**Student:** 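Here you go, one structure.
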Amino acid sequence: MSGNQTFTMIKPETVGKNNIGAVLKMINEAGFRIKAMKFTHLTKKQAGDFYAVHADKYFYEELTSFMSSGPIVAAILEKENAVADFRTLIGATNPANAAEGTIRKIFAESLSHNAIHGSDSEENAAIESDFFFSKVERF
Ligand code: CMP
């Protein structure tokens, strides 16, 4: 994967509140191009596999239950400096600490229901993108 790509998931509470379009608009207006996109509902097992890096954390059970509680939108996004710029756009993991105007500040409810996921490194962006998308699903 190119260093100009990152991976995102619009989380179940954001989908449930009918905010997919509003979030995608902010992503597009920040200069990201959508390279791949999927509307899907993770099983508990799939959510556990995706977040396996957190398997030893106290919040793993809550995280994987929540992420499999309703549909999500998964996407690969492209832009120069994609990983860092996307993390700036979405704001701090805990929305209580998120800057004004960020996606989490606007849409998130709490640390566990924090509206959207963004990869924390280029390496993880590649791993997370490969979890959801084959080569022929990327444009
Ligand atoms: P995300 O960027 O999807 O990566 C892991 C998720 O775990 C994180 O967003 C939060 O929604 C969730 N989470 C729940 N509790 C915590 C915590 N104490 N620290 C970090 N992440 C947490």
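Read the numbers this way: they start at 1 and go in the same order the structure lists the ligands and their atoms. What you see below is based on every heavy atom in this structure, not just the backbone, and it leaves out hydrogens, waters and symmetry mates. Nothing here was measured: the structure is a model prediction, and the numbers come from that model.
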**Student:** Could you tell me which residues satisfy salt bridge (Lys or Arg N to Asp or Glu O under 4.0 Å) with E80, sequence neighbours excluded, listed by chain and number?
**Tutor:**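 Salt bridge (Lys or Arg N to Asp or Glu O under 4.0 Å) list for E80, sorted by chain: empty.
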**Student:** Identify the heavy atoms of V83 and Q5 that sit nearest to each other, and give their distance.
**Tutor:**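 In terms of heavy atoms, the two residues are closest at CG2-O, 3.8 Å.
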**Student:** Which pairs count as side chain to side chain donor-acceptor pair (under 3.5 Å) when at least one residue sits in residues 52-63, sequence neighbours excluded?
**Tutor:**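 Residue pairs passing side chain to side chain donor-acceptor pair (under 3.5 Å), neighbours aside: K44-E61, H54-K57, E61-S65, E62-S112.
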**Student:** Tell me which pairs pass side chain to side chain donor-acceptor pair (under 3.5 Å) where either residue lies in residues 88-106, with sequence neighbours left out.
**Tutor:**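 Checked against side chain to side chain donor-acceptor pair (under 3.5 Å) - neighbours excluded - no pair reaches residues 88-106.
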**Student:** Between the protein and ligand 1, which nitrogen or oxygen pairs come in under 3.5 Å, and how far apart is each?
**Tutor:**
| unit_1 | atom_1 | unit_2 | atom_2 | d |
| --- | --- | --- | --- | --- |
| ligand 1 | 2 (O) | R104 | NH2 | 3.3 |
| ligand 1 | 2 (O) | H117 | ND1 | 3.2 |
| ligand 1 | 3 (O) | K11 | NZ | 2.7 |
| ligand 1 | 3 (O) | Y51 | OH | 2.6 |
| ligand 1 | 3 (O) | H117 | ND1 | 3.0 |
| ligand 1 | 9 (O) | K11 | NZ | 3.2 |
| ligand 1 | 9 (O) | N114 | ND2 | 3.1 |
| ligand 1 | 11 (O) | K11 | NZ | 3.2 |
| ligand 1 | 11 (O) | L111 | O | 2.8 |
| ligand 1 | 11 (O) | N114 | OD1 | 3.2 |
| ligand 1 | 11 (O) | N114 | ND2 | 3.3 |
| ligand 1 | 18 (N) | Y58 | OH | 2.6 |

**Student:** Is there side-chain contact between I116 and T14, with heavy atoms separated by less than 4.5 Å?
**Tutor:**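 Not in contact.
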**Student:** To check you understand the geometry: which heavy-atom pair defines the closest contact between E13 and H113, and what is its length?
**Tutor:**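 Between these two residues, the closest heavy atoms are OE2-O, 2.8 Å.
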